[in-house]
Amino acid sequence: MEVYKFGGASVRDAENIQNVVKIISDTRKSKLVVVISAMGKMTNALEKVVNALYAEGKAAAEACLDEVKSYHTQEIISLFHKEDQVLQQVLPFFDQVSDLLQASGMEQYDRDYDQIVSCGELSSTTLVDAYMREQGINSVWLDARAVVRTNDRYREGRVDWQETESLISEQVNELLQKHDIVVTQGFIGSDAAGYTTTLGREGSDYTASIFSYILNADLMSIWKDVPGILTGDPRRFENLTKIDRLSYREAIEMTYYGAKVIHPKTIKPIQNKGIPLHVRSFVDPGGTGTLISDEIELNYPPVIVVEDDQALVHISTRDFSFVAEHHLSKLFDLFTKTRVKVNMMRNTAISFSICTHDDEQKFSALESEMQDEFKVIIDRGLELITIRHFNQEVVDELKKGKIVLFEERLSNTLQLVVKNVPIVKRK
Ligand code: ADP
Ligand code: ASP
Ligand code: MG
């Protein structure tokens, strides 16, 4: 069997859903599990519902929810000849969110977030499954929450592999005996108490990898709006080339440094079972894409990964004592507690600095936790640039117009934390 994953851009509207279903029927060679994200930017729109609930209250949240609901309704009307039945399947997901908005005590932001935002994947998969069945394809809808079990760390659910393995093996294999295709949601799962959980933004790639691992897939394909993995993000750079083949190791390094094309947790499960991952284009399904598989290291061209919205957090001891191991262990406990993720770090005698995602809320939590012992200075508005397989020409080009605050060279990886040079107007 094989696993396909389609992201938000590929199912953003009725026309794109038709394209996805065509790709599935044209390319399918065996039984298939299809993992799908929410339509287009619907996860962002649903995040607005949660934020409106907490910042402005129920009426504002309902207004935001209405926008999401009417988007889905319109796309259903344009996709189906007989839309009533599909609307009856999809609208209850929105009613459930509405009920939650009314009932929420507004005490558990993260838990409410997961109950609300998951509605995007539940709706998109219902739509795609219904459209496939209308086209005469033998598909069936599976609620991922029935098989993907996580802990109760809402918004960052950690998969309980043992439980998930037995649930997926049992239920999905049974469904695949009767059906050609199982359609399910990326990104979502449930905890032992029955609450919906999510695996972290962009987590659908990871879901596909969980299914691939457990079902021993022959191949996993993720269909993107790019021809494959390129030497940089095309939204940022020109003159990029496609990398035809990548080792798991190289792929894991790229995603670790923040290459947005694949979720960082995706590679490990498929590497562990030697399942190849094909990154393909839903715009040009005949293209060769990028094949990620276990093979000897190839000669790679320089690959650039840029992380925006970074900050340098400089932490120093108030009494000028050296930053010792016990300080570091305390600091790392605080990072875990406040969910601050370290992208790069460096220490000097009395200071320790990290590069992390710029997040006001997390920083104030961190500062209040450490103010007795440490002084904190934060440099904001930065970029973290990582160049794998760097050469001097690429490095010089990337440094143009930037002030370099941090630079670190490893054997084949160079990292820069930079700030744009301010434009000073001359008189
Ligand atoms: P999905 O629809 O599956 O969620 P994403 O939008 O998350 O897909 O990922 C695809 C995007 O990743 C591309 O549109 C591209 O802008 C971006 N991207 C970042 N780095 C790379 C890279 N090295 N190669 C290809 N695409 C990249
Ligand atoms: N819909 C979720 C998100 O936008 C998950 C995903 O697309 O992978 O983050
Ligand atoms: Mg994505």
Side-chain angles (χ1 to χ4, degrees), residues 3-13 16-17 19-20 23 34-48 50 68 113-114 116-125 144 148 155-157 184-189 196-210 220-244 246 250-266 277-284 287 289-290 292 300-308 385-389:
V3 173
Y4 279 7
K5 183 259 165 173
F6 289 96
S10 67
V11 291
R12 63 182 176 273
D13 55 22
N16 275 279
I17 290 178
N19 178 51
V20 160
I23 290 176
V34 180
V35 174
I36 299 177
S37 306
M39 294 173 73
K41 301 276 176 229
M42 286 301 121
T43 306
N44 291 352
L46 287 160
E47 270 186 356
K48 280 198 191 137
V50 195
V68 184
Y113 177 104
D114 284 357
I116 294 170
V117 161
S118 50
C119 157
E121 268 71 13
L122 291 166
S123 308
S124 66
T125 48
V148 177
R155 300 184 66 189
E156 285 182 16
T184 197
Q185 307 79 47
F187 180 54
I188 71 171
T196 303
T197 55
T198 62
L199 308 178
R201 288 300 308 265
E202 302 295 326
S204 296
D205 293 340
Y206 181 42
T207 302
S209 165
I210 296 166
M220 169 170 152
S221 301
I222 50 182
W223 299 83
K224 300 265 171 185
D225 60 355
V226 279
I229 296 188
L230 309 171
T231 49
D233 186 343
R235 277 182 285 212
R236 220 177 251 282
F237 299 105
E238 286 171 353
N239 303 323
L240 299 169
T241 50
K242 175 167 80 70
I243 307 173
D244 296 335
L246 273 180
E250 189 55 34
I252 218 158
E253 294 276 358
M254 277 180 73
T255 57
Y256 169 79
Y257 289 117
K260 299 285 179 293
V261 64
I262 305 175
H263 187 277
K265 284 185 171 175
T266 311
L277 168 59
H278 198 179
V279 180
R280 303 178 68 176
S281 162
F282 66 77
V283 184
D284 173 24
T290 297
I292 302 170
Y300 298 109
V303 176
I304 309 162
V305 178
V306 182
E307 290 253 54
D308 284 318
I385 304 177
T386 304
I387 313 148
R388 297 273 299 157
H389 317 287

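Both ligands and their constituent atoms are indexed starting at 1 by order of listing.
- Atom NZ of K48 has 12 or fewer heavy atoms from other residues, nucleotides or ligands within 6.0 Å.
- One N or O on the side chain of T231 and one on the backbone of T241 form a donor-acceptor pair closer than 3.5 Å.
- Looking at residues two or more places apart in sequence or on another chain, you find a ring-ring contact (aromatic ring centres under 6.0 Å, His included) between F6 and W223.
- For the Mg ion (ligand 3), the count of nearby protein N, O or S atoms, meaning those under 2.8 Å away, is 1.
- Residue G8 approaches ligand 1 through these ligand atoms, each under 4.0 Å from one of its heavy atoms: 2 (O).
- When heavy-atom distances to ligand 2 are checked against 4.0 Å, the residues falling inside are S37, A38, T43, E121, F187, R201, E202, G203, S204, ordered by chain and number.
- A side-chain donor-acceptor contact under 3.5 Å links T290 to the backbone of I229.
- Between R236 and ligand 1 there is no heavy-atom distance shorter than 4.0 Å.
- Within the 4.5 Å cutoff, the side chain of M39 has no heavy atoms near those of the N16 side chain.
- In this structure, the side chains of N44 and L46 stay at 4.5 Å or more apart for every pair of heavy atoms.
- The main-chain N or O of A38 is found under 3.5 Å from a side-chain atom of E121 such that the two form a donor-acceptor pair.
- Under a 3.5 Å cut-off, the side chain of D233 and the backbone N or O of V305 do not form any donor-acceptor pair.
- Under a 4.0 Å heavy-atom criterion, S204 is not in contact with ligand 1.
- Among all non-hydrogen protein atoms, the one lying nearest atom 2 (O) of ligand 1 is G7 CA, 3.4 Å.
- A donor-acceptor contact closer than 3.5 angstrom is absent between the side chains of D114 and T196.
- With a heavy-atom cut-off of 4.0 Å, D225 touches ligand 1 through its side chain alone.
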Compile the donor-acceptor pairs under 3.5 Å between side chains in residues 255-264 and protein atoms, sequence neighbours left out, one pair per line.
| residue | atom | partner | partner atom | Å |
| --- | --- | --- | --- | --- |
| T255 | OG1 | A251 | O | 3.2 |
| T255 | OG1 | I252 | O | 3.1 |
| K260 | NZ | G258 | O | 3.0 |
| K260 | NZ | E307 | OE1 | 2.8 |
| H263 | ND1 | K265 | N | 3.1 |

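- Geometrically, ligand 1 and W223 share no nitrogen or oxygen pair separated by less than 3.5 Å.
- When only interatomic distances are considered, the shortest N/O to N/O separation between L230 and ligand 1 falls below 3.5 Å.
- For atom 16 (O) of ligand 1, the closest non-hydrogen atom of the protein is D233 OD1, 2.7 Å.
- Under a 4.0 Å N-O distance rule, the pair R236/D308 qualifies as a salt bridge.
- Between R201 and E47 there is a side-chain heavy-atom pair separated by less than 4.5 Å.
- Looking at heavy atoms from C-beta onward, V226 lies in side-chain contact with P234 at the 4.5 angstrom threshold.
- Proximity annotation for atom 11 (C) of ligand 1: of K224, E202, R235, R235 comes nearest, heavy atoms only.
- At least one donor-acceptor pair closer than 3.5 Å links the side chain of S209 to the backbone N or O of T266.
- Across the listed options A38, A259, G232, G40, G232 owns the non-hydrogen atom lying nearest to atom 22 (C) of ligand 1.
- Salt-bridge annotation for D205 and K224: present, with a side-chain N of the basic residue lying under 4.0 Å from a carboxylate O of the acidic one.
- The residue among I36, V303, V305, V261 with a heavy atom at the shortest distance from atom 21 (C) of ligand 1 is V261.
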